[in-house]
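Just so you know, ligand 1 is whichever comes first in the structure, and atom 1 is the first atom listed for that ligand. The structure presented is a predicted model; accordingly, all values stated were derived computationally and were not measured.
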Amino acid sequence: MNNKLDFGSLCVQEWKDLRTTPPHQLPIYATSSFVLDDLEHGIDIFAGKAQGHTYSRYGNPTIDAVAAKIAALETHGLDKTASALLTSSGMSAIATLAMALLRPGDKLLTQGNLYGGTTELFSQIMAPLGIESIFIDLGNLEKVEAVMASNPAIRMVYMETPANPTMACVDIAALAALAKQHGAFSAIDNTFCTPYLQQPFRFGVDFVVHSTTKFLNGHGNSIAGIVIGLDQELMATRVAKTLKLTGATCNAWDAWLINNGLKTLELRMIRHSPNAMEIARFLAQHSRVGRVNYNGLPSHPDHELAKRQMRDFGGMLSFEVKGGLEAAIGFIKKLQFCTMAPTLGDVDTLVLHPASMSHVNIPSEVRQQYGITDGLVRVSVGIENAADIIADLEQALA
Ligand SMILES: *Cc1c(COP(=O)(O)O)cnc(C)c1O
């Protein structure tokens, strides 16, 4: 056949798939569409009567494999199964879930100390669409109960624990139960923990979202997110449809990078936690350091709660450099080994100044209220040798 084709036509033709034995590693399916066997096959797939990939915005083998793997990790050891959809970012995972489940007139109950982008999404994008968010302290369960009782329109309780950057925790089981009692969905951003440290489905939550950009990928080389849900029917209908029609799908290359990162997730988390613990202890005894926010320290107000919900305390911490803004900036400028970068969860240690970076758009009074003082520095502790990290912090504090 090929010999009979014109040279130009031969250039255009896709070569036949020469795969014999299965690849050891997940292939990157860099294809926008899939070839249908015949017209009937196509009709059956589009009618939902047959399984099959058709178009990569609807699904792609690379992307689906990684989504399924993360769903398996979130339900590992539990008598539950979940389905999952990878998205183009953590933000699109949150937006997809909210758009899928909430309608104008519905309300969302959440905490004031969310990831900054999530707060802005809820108050600046969803509120004008008629979905109001109520921001309260989700640590105060009586208040949650009272607000839910007087607001029957609340259809979702959305939490993030531990929260950025003070590592404040909320009680997942109690909040999921209150949501259920009032006929609302419960959802949680599990980005800081990953399923290695915390499995929210264990505590009765309906949906988990992640920015896979962070610890799940672990190497800082892709932006993506995921929505995971126990209700397979809802996932396959409302959530999948919202994702398909807003087009916030992940791509095969980013999915593959997450897959590569996932292989060492446990090893990385096993190193992040004790490293962060050692650094928290070093900081806590330093004369130039004020408060240290790390759940692993018995002095942290949420130490006991974190111990109940988390396997270990993770790689994230923050601390106050005595002397406010100038002292914090002076400290960051002197760092040589740690990197200043506005992300987290990478293998290397990253430092950020919340007041001037991640939380710069939040009014100063509100920031102070959530403990984000001018002298606060956030550290995403990496998996390097802790002694090298401490040496850098020490010389920068001197
Ligand atoms: C980074 C982050 C997000 C947003 O994720 P993107 O991948 O940047 O869109 C959401 N929640 C938390 C806790 C995050 O750290």
Side-chain angles (χ1 to χ4, degrees), residues 63 66-67 70 74 84-99 108 110-126 133 135 138 158-170 172 187-195 197-198 200 205 207-228 243 246-251 253-255 257-258 261-262 269 272 276 293 295 306 309-310 314-318 341-346 350-352 354 357-362 370 372 378-381:
I63 299 169
V66 180
I70 298 173
E74 280 290 2
L85 293 161
L86 275 180
T87 61
S88 59
S89 67
M91 287 316 302
S92 63
I94 299 163
T96 298
L97 183 65
M99 271 197 277
L108 182 149
T110 190
Q111 62 202 63
N113 54 345
L114 290 172
Y115 175 74
T118 312
T119 304
E120 291 188 53
L121 170 73
F122 290 166
S123 53
Q124 295 175 29
I125 308 294
M126 283 172 42
S133 287
F135 296 92
L138 293 184
Y158 182 93
M159 56 194 120
E160 193 181 311
T161 181
N164 195 14
T166 57
M167 305 305 128
C169 294
V170 293
I172 307 169
I188 182 169
D189 183 332
N190 202 28
T191 299
F192 272 32
C193 283
T194 81
L197 292 177
Q198 177 171 281
V205 156
F207 294 93
V208 173
V209 292
H210 282 276
S211 166
T212 64
T213 310
K214 316 294 169 52
F215 287 101
L216 289 177
N217 171 303
H219 299 73
N221 53 22
S222 77
I223 297 270
I226 192 164
V227 183
I228 311 152
L243 182 60
T246 54
T249 16
C250 189
N251 65 80
W253 170 234
D254 282 340
L257 288 167
I258 298 165
L262 282 178
M269 298 317 286
H272 279 298
N293 300 311
N295 286 304
Q309 303 182 152
M310 296 165 65
M316 298 301 300
L317 62 85
S318 64
T343 188
L344 59 98
D346 289 358
L350 305 173
V351 171
L352 171 138
M357 294 164 78
S358 58
H359 292 70
V360 71
N361 290 326
I362 297 174
Y370 291 112
I372 306 164
R378 186 186 81 182
V379 188
S380 171
V381 178

Ser89 heavy atoms, cut-off 4.0 Å: which ligand 1 atoms fall inside? 7 (O), 9 (O)
Gly90 versus ligand 1: do any nitrogen or oxygen atoms come within less than 3.5 Å of each other? yes
Donor-acceptor pair between Asn190 and Glu160 side chains, under 3.5 angstrom: no
Considering distance alone, does some N or O of Ser211 sit under 3.5 Å from an N or O of ligand 1? yes
Ring centroids only, cut at 6.0 angstrom: are His210 and Phe215 within range, meaning strictly under it? no
Do any nitrogen or oxygen atoms of Ile94 come within less than 3.5 Å of a nitrogen or oxygen of ligand 1? no
Testing the basics here: between Thr191 and Ser211, what is the closest heavy-atom pair and its distance to 0.1 Å? OG1-N, 2.9 Å
Hey, are the side chains of Thr213 and Ser222 touching, using non-hydrogen atoms and a 4.5 Å cut-off? no
Provide the number and element of each atom of ligand 1 under 4.0 Å from a heavy atom of Leu344. 15 (O)
Touching ligand 1 at all, Asp189? Heavy atoms, strictly under 4.0 Å? yes
Show me which atoms of ligand 1 lie under 4.0 Å from any heavy atom of Thr213. 7 (O)
Any nitrogen or oxygen of Thr118 lying under 3.5 Å from a nitrogen or oxygen in ligand 1? Just yes or no. no
Which atoms from ligand 1 have a heavy atom of Glu160 less than 4.0 Å away? 13 (C)
Any side-chain donor paired with an acceptor under 3.5 Å for Thr166 and Asn293? no
Report, in ascending order of atom number, the atoms of ligand 1 lying under 4.0 Å from any heavy atom of Ala224. 7 (O)
